Amino acid sequence: MTPPPAVPKVGLLDTSVVIDLPTLSTDELPAFPTISSVTLAELSVGPQLAKDAQTRQARQLTLQQTESSFDPLPFDDACARRFAIVATALRENGKKSRARAFDALIAATALAHDLPLYTRNPRDFEGITELDVRAV
């Protein structure tokens with residue numbers, strides 16, 4: 001029997017994980033989770049697109065909690081260079097990087113920092129062979 005892979009000490013959380021953090025077991029997450037500045041951008045859009053006041057308020061609360069809980073990794077020149085790998089992999093697998101822009105930028109951040117990516121939507125990252133995707 002093969003032992004399960006060791007849980008990395010540091011990992012990048014996808015926006016889907018950040019949104020669901022209150023319902024997730026810490027056993028599934030890295031000891032030191034971090035996020036990308038792209039996740040803050042994605043979360044910032046949420047309240048603006050809400051169809052009602054209750055949803056807007058919940059999304060705003062998630063954004064504010066995330067801003068106060070994390071020091072996000074910037075999307076810098078190293079991330080930009082890794083984006084080419086991500087965009088190519090997505091295109092080769094029939095996915096348009098523009099349609100998955102936030103996901104692609106978050107994946108590039110994970111690659112640039114050599115971090116596993118924790119996500120609730122592993123299918124969004126299929127085909128990016130260099131990326132260590134951890135389904136939560």
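Remember, predicted model here, so these are calculated numbers, not experimental data.
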**Message:** His113 vs Cys79, test: side-chain contact (heavy atoms from CB on, under 4.5 Å). Steps then yes/no.
**Reply:** CA-CA 8 Å; His113 293 276; Cys79 298; 4.1 Å; yes

**Item:** Counterpart residues, side-chain contact (heavy atoms from CB on, under 4.5 Å), relative to Ala107 (two or more places apart)
**Value:** Val86, Phe125, Ile128, Leu131

**Asked** Out of curiosity, Thr34 OG1 to Leu73 CG, how far, rounded to the nearest 0.5 Å?
**Response** 4.0 Å

**Prompt:** Can you list the residues that meet the side-chain hydrogen bond (donor to acceptor under 3.5 Å, both in side chains) rule with Ser44, with sequence neighbours excluded?
**Reply:** none

**Message:** Taking salt bridge (Lys or Arg N to Asp or Glu O under 4.0 Å) as the cut-off, I'd like each qualifying pair that reaches into residues 110-127, sequence neighbours left out, listed once.
**Reply:** Asp20-Arg120, Arg100-Asp124

**Prompt:** Can you tell me how far the OG1 atom of Thr15 sits from the CG atom of Asp103, to the nearest 0.5 Å?
**Reply:** 7.5 Å

**Prompt:** Please, which pairs that meet side-chain hydrogen bond (donor to acceptor under 3.5 Å, both in side chains) have at least one residue in residues 69-84, sequence neighbours excluded?
**Reply:** Arg82-Glu130

**Message:** Taking CD in Gln57 as the centre, count heavy atoms belonging to other residues, nucleotides or ligands within less than 6.0 Å. Is the count above 12?
**Reply:** no

**Asked** Okay, side chain of Thr88, backbone of Ile85: is any donor-acceptor separation there less than 3.5 Å?
**Response** no

**Asked** Just wondering, do Asp132 and Arg134 contact through their side chains at under 4.5 Å, heavy atoms?
**Response** yes

**Complete:** Those residues at least two apart in sequence (or on a different chain) that pass side-chain contact (heavy atoms from CB on, under 4.5 Å) with Ala50 are Thr55, Arg56, Arg59

**side-chain contact (heavy atoms from CB on, under 4.5 Å) partners for Thr26, two or more places apart** = none

**Prompt:** Linking I/L/V/M/F/W/Y whenever any side-chain heavy atoms sit under 4.5 Å apart, do Val45 and Leu61 land together?
**Reply:** no

**Message:** Checking Ile35 now: which residues fulfil side-chain contact (heavy atoms from CB on, under 4.5 Å) with it, not counting sequence neighbours?
**Reply:** Leu13, Val18, Thr39, Leu40, Thr66, Phe70, Pro72

**Message:** Using only atom types and a distance under 3.5 Å, with no angle test, would you say the side chain of Ser36 pairs donor to acceptor with the backbone of Thr109?
**Reply:** no

**Complete:** Here the pair of heavy atoms bringing Gly11 nearest to Tyr118 is CA-CE1, 3.8 Å

**Prompt:** Sequence neighbours excluded, which residues qualify as side-chain hydrogen bond (donor to acceptor under 3.5 Å, both in side chains) partners of Ser16?
**Reply:** Asp14, Thr119

**Asked** Going through the distances and angles, do Leu105 and Phe83 end up as a side-chain contact (heavy atoms from CB on, under 4.5 Å)?
**Response** CA-CA 6 Å; Leu105 295 169; Phe83 179 77; 3.7 Å; yes

**Prompt:** Given side chains that start at C-beta, do those of Ile19 and Leu43 come closer than 4.5 Å, heavy atoms only?
**Reply:** yes

**Asked** Less than 4.5 Å apart, any side-chain heavy atom of Leu29 and any of Val17?
**Response** yes

